[in-house]
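These notes concern the structure reproduced below.
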Amino acid sequence: MSAESPNPNPAPEPTASEHAAVRLEKLHKIEALGIDPWGGRFDGHQPIGTIRELEALPFDDTKPDANPKVIAAGRIVQRRDQGKLFFLDIWDHTGRVQVMLGQKQIGDLGWQLANLLDLGDLIGVEGAFGKTRRGELSIRATKLTILSKSLEPHPTVHFGMEDIEYRLRHRYLDLVHSPDTLTRAKQRVKIIRTMRNYLDGLDFMEVETPTLHAIAGGAAARPFETHHNALDIPLFLRIALELHLKRLLVGGMEKVYEIGRVFRNEGISHKHNPEFTMMELYQAYGDYRSMMDLTEGLIVACVDAIGGGRVRPWADKTVDYSPPFQRARYADLVKEHAGCDMHDPAAVIEAAKKFHLPTAGKEHDVIVNSLFEHCVEDKLVGPVFVHDYPAAICPLTKRQRGDARMAERFELYVHGMELANAYTELNDPLTQEETFKRQLVGMKDEDSMAKMDHDFIRAQRHGMPPAGGLGIGIDRLVMLLTNTQTIRDVILFPLLRPE
RNA sequence: GGAGGCGUAGCUCAGUCGGUAGAGCAACGGACUUUUAAUCCGUUGGUCCUGGGUUCGAGUCCCAGCGCCUCCA
C-alpha cells in the first residue's frame with residue numbers, strides 16, 4: 001500500500017475499558033503462574049454434543065473413577081461460584097455442558113488458574129462425566145487447561161445480542177450467543193452441499209471461472225471496478241458467471257456448473273448485498289423446459305435436506321415446495337394483474353399510465369416488464385415458474401421458434417422473490433452480436449443486460465451447442481428455506497460501512 | 001435517492017414538564033464444595049453517537065452530520 005493511500009478501513013481501537021484492563025491483569029497473573037494463557041494443541045477432546053449423548057450416571061464420591069472420563073474444550077459462557085467449588089458452563093458449536101471445578105479436585109495450580117477465568121475464556125477440561133445432585137449433566141474436572149484468554153468482556157447469557165448492528169459487527173459473538181445464527185450458517189452449508197451432491201449425481205462438472213473480468217457481462221448490473229498494475233488495465237469484478245460457463249460449453253463440457261461469488265455495485269437492502277453467491281449451470285442439448293424439471297428436483301432436494309417438511313414457514317405465511325411447482329405464462333399474468341394484452345403497444349402504454357409508470361423513451365418490452373414488476377411480482381406466492389418472457393429484455397436467450405417476440409425463459413418466484421432464472425441459451429453468434437449492439441443503443445451500461453463482448457462472440461462462432469442454463473441465488477434460497485427475512489442473516493459478514 | 005424510527009455503563013434497557021446520570025446482569029472486594037438467570041454483604045463503572053445552537057441550566061428542545069433499522073422509489 002502506498003503512502004498516499006492510507007488504509008481507509010482502520011480497525012476500531014481496542015476497548016480501553018476497565019473490563020479489558022482487569023482481564024489484561026489476569027492474563028499477566030496467569031503468565032506469572034508459568035501457564036501460557038494462549039494454550040496450544042489440545043488432543044483428545046470430543047464435541048460437547050457427543051459428550052452429552054453419553055449415558056448419564058450419578059456421581060459416586062467414593063468411587064470417582066467409576067464414571068466415564070471425558071475431555072472437552074469450549075468457551076466459558078456462564079459461571080456460578082460456590083466457595084471452593086465453581087460451576088462453569090462451557091459452550092462449543094455442538095452444545096453446552098456444565099463443568100465442576102473443585103479446589104480439591106484440580107490441585108493447587110489448577111485452582112489458582114480457575115480463579116483467574118472469565119466469561120469468554122476458552123478452556124479444556126478432563127474429568128468424570130455424570131450428574132450432580134440436582135441432576136445436571138456435568139464434567140467433574142480433574143484437569144484444567146486454559147486454551148485462550150478473552151481480553152474483551154462478552155455479552156452475558158441472558159441479556160445479549162439484541163442490537164442488530166452490534167450482532168453484525170461482532171458476528172463471532174452472535175454465533176456464540178444467538179443459536180439461530182449458528183443454525184442458519186449450518187443450514188446454508190447443508191443446502192450448498194446438497195446442491196453439489198445433486199448436480200454431481202447428474203454428472204455435472206463443477207468448475208471455477210475468473211472473478212476478474214475485462215468486460216463484466218451476463219447480467220444487468222453496475223460492476224465494481226479495479227485495476228491490474230502489471231498489465232495496466234482496468235478490470236471488473238464479475239456480475240455473473242454466465243459467459244465463461246458458456247465458453248466451456250463450446251469446449252465440450254456438456255454439463256457444467258459453478259457456485260461462486262458475484263459482485264454488483266448497487267444499493268444494499270434486506271434483499272441485496274453487494275456480494276452474493278450464485279449457482280449457475282449449463283446443460284448442452286437441453287432447453288428451458290429441461291431446466292424447469294432440474295430446478296424443481298434441485299430445490300426439493302434442498303428442502304428435504306434441511307428437514308422440517310416441504311410446507312415451510314415464511315414470515316407469517318407458508319410455502320409449499322411439494323412438486324410439481326405451478327407454472328404460469330408471463331403474458332397471462334400481465335393480462336390478469338395489469339389488465340392488458342402485452343402485445344398491444346397502445347394497451348400497454350395505457351396500463352403503464354394507469355399505474356403511474358414512466359413510458360417516455362422506453363422500449364415496448366421494457367414497459368411491459370415494469371408493468372410485470374409493479375403489478376405481478378408481489379402477487380406471486382409460488383413456488384411458480386413464470387415462463388415465456390418478452391424477448392427484448394432477454395439478450396442472451398433463444399427466441400421462441402414460432403414467435404420471435406418471446407424468449408424461452410422462466411423465472412421461479414416465491415413470495416415475490418426471484419429464486420431462479422433460466423433459459424434456452426442463445427447459441428447463434430450472429431443474433432447474439434445483434435442483441436449486444438441493440439442493448440447498447442441509448443442504454444446506460446448498468447441498465448443493460450448485455451455488453452459487447454467480442455471474445456465471447458468469437459467463442460460462440462466456433463460452435464456452441466444448444467443448451468439450457470439456470471441460475472439460482474443461493475442467498476435467497478437459504479433465506480426462503482430457513483425463514484430468514486433479511487439477507488444479512490444468511491451471509492455471515494454482510495457489507496457494513498466501516499466504523 | 002425520499003420519508004420515518006433508533007443511538008444512554010461491557011450487555012439489555014429505563015430516564016416524567018428542560019433541573020444532581022439510573023436499574024438488572026457483567027466487573028471488582030468479601031462469605032459459601034452440588035450450583036444452574038445461585039444466594040447474601042459491599043464497591044466501581046458514563047465522550048448520554050458527533051458538532052453546533054437555544055437556555056441560568058440540555059440525555060431531554062432546535063439545526064447539521066455519522067451509523068444502524070424499517071418502508072417507499
Side-chain angles (χ1 to χ4, degrees), chain A residues 9 12-26 29 56-61 64 67 76-91 96-107 110-111 114-121 127-142 150-174 176-178 222 266-273 315 355-358 370 373-374 377-378 416 446-447 485-489 494-499:
Chain A
N9 302 336
E13 292 288 323
T15 315
S17 69
E18 181 192 326
H19 292 80
V22 166
R23 282 163 183 261
L24 195 60
E25 197 182 323
K26 288 180 180 176
K29 285 181 179 169
L57 301 170
F59 273 150
D60 183 347
D61 277 338
N67 293 326
I76 300 171
V77 291
Q78 218 179 353
R79 175 174 165 159
R80 296 173 294 281
D81 289 0
Q82 184 72 39
K84 297 185 171 55
L85 177 67
F86 296 162
F87 295 90
L88 307 180
D89 289 346
I90 62 170
W91 176 97
R96 183 194 281 230
V97 70
Q98 179 171 272
V99 173
M100 298 168 67
L101 293 176
Q103 185 177 28
K104 280 185 192 162
Q105 289 77 18
I106 58 166
W111 186 245
N115 276 279
L116 295 167
L117 295 178
D118 288 306
L119 295 187
D121 292 352
F129 185 66
K131 279 186 180 174
T132 62
R133 278 177 209 160
R134 295 289 177 93
E136 179 71 25
L137 295 172
S138 305
I139 299 168
R140 174 173 250 186
T142 50
S150 170
L151 295 178
E152 295 286 339
H154 283 234
T156 55
V157 172
H158 297 280
F159 301 91
M161 313 312 294
E162 290 296 321
D163 182 69
I164 292 167
E165 184 178 355
Y166 183 87
R167 288 175 43 207
L168 295 177
R169 293 194 190 276
H170 303 78
R171 189 64 106 183
Y172 38 90
L173 295 179
D174 191 31
V176 175
H177 294 281
S178 305
R222 183 182 306 195
E266 295 170 342
I268 296 174
S269 79
H270 65 112
K271 278 198 265 187
H272 300 85
N273 194 58
F355 294 107
H356 308 293
L357 299 171
S370 55
E373 287 176 356
H374 184 262
E377 274 188 349
D378 286 350
E446 60 264 30
D447 293 333
Q485 269 69 49
T486 163
I487 197 169
R488 289 179 312 266
D489 279 335
L495 185 66
L496 295 177
R497 193 175 288 277
E499 289 174 85

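Chain naming here is simple, since letters A, B, ... match the order of the sequence lines and numbering starts at 1 in each.
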It should be established whether Q78(A) places a side-chain nitrogen or oxygen under 4.0 Å from OP1 or OP2 of nucleotide A38(B). yes

Salt bridge check: are D489(A) and R171(A) linked by an N-O gap of less than 4.0 Å? yes

I want to verify a distance call: between C11(B), U36(B), U33(B), whose nearest atom is closest to the K84(A) side chain? U33(B)

Compare the minimum distances between each of U34(B), U12(B), C11(B) and the side chain of P155(A), then state the nucleotide with the smallest one. C11(B)

Could you tell me the Watson-Crick or G-U partner of G57(B), where both distances fall under 3.5 Å? Say none if there is no partner. none

Which nucleotide, if any, forms a Watson-Crick or G-U wobble pair with C48(B), using both distances under 3.5 Å? none

Between L85(A) and Y166(A), who's closer to the 5' end of RNA chain B by nearest nucleotide? Y166(A)

Comparing nearest nucleotides in RNA chain B, the 5'-proximal residue of the pair Q103(A), L495(A) is Q103(A)

Set of residues satisfying salt bridge (charged side-chain N to carboxylate O under 4.0 Å, His left out) with respect to K84(A), sequence neighbours excluded: none

Pairwise N/O distances under 3.5 Å, protein to nucleotides 69-72 of chain B:
residue, atom, partner, partner atom, Å
C69(B), OP1, R488(A), NE, 3.2
C69(B), OP1, R488(A), NH1, 3.3
U70(B), OP1, R488(A), NH2, 3.2

For H154(A), all residues meeting side chain to side chain donor-acceptor pair (under 3.5 Å), sequence neighbours excluded: S150(A)

Can you name the ring-ring contact (aromatic ring centres under 6.0 Å, His included) partners of W111(A), sequence neighbours left out? F86(A)

Going by side-chain contact (heavy atoms from CB on, under 4.5 Å), name the residues that satisfy it together with R80(A), two or more places apart in sequence or in a different chain. Q78(A), F87(A), D89(A), Q98(A)

Nucleotides 25-29 of chain B: which of its N/O atoms have a protein N/O under 3.5 Å away?
residue, atom, partner, partner atom, Å
A26(B), N3, H19(A), NE2, 3.3
C28(B), OP1, K26(A), NZ, 2.3

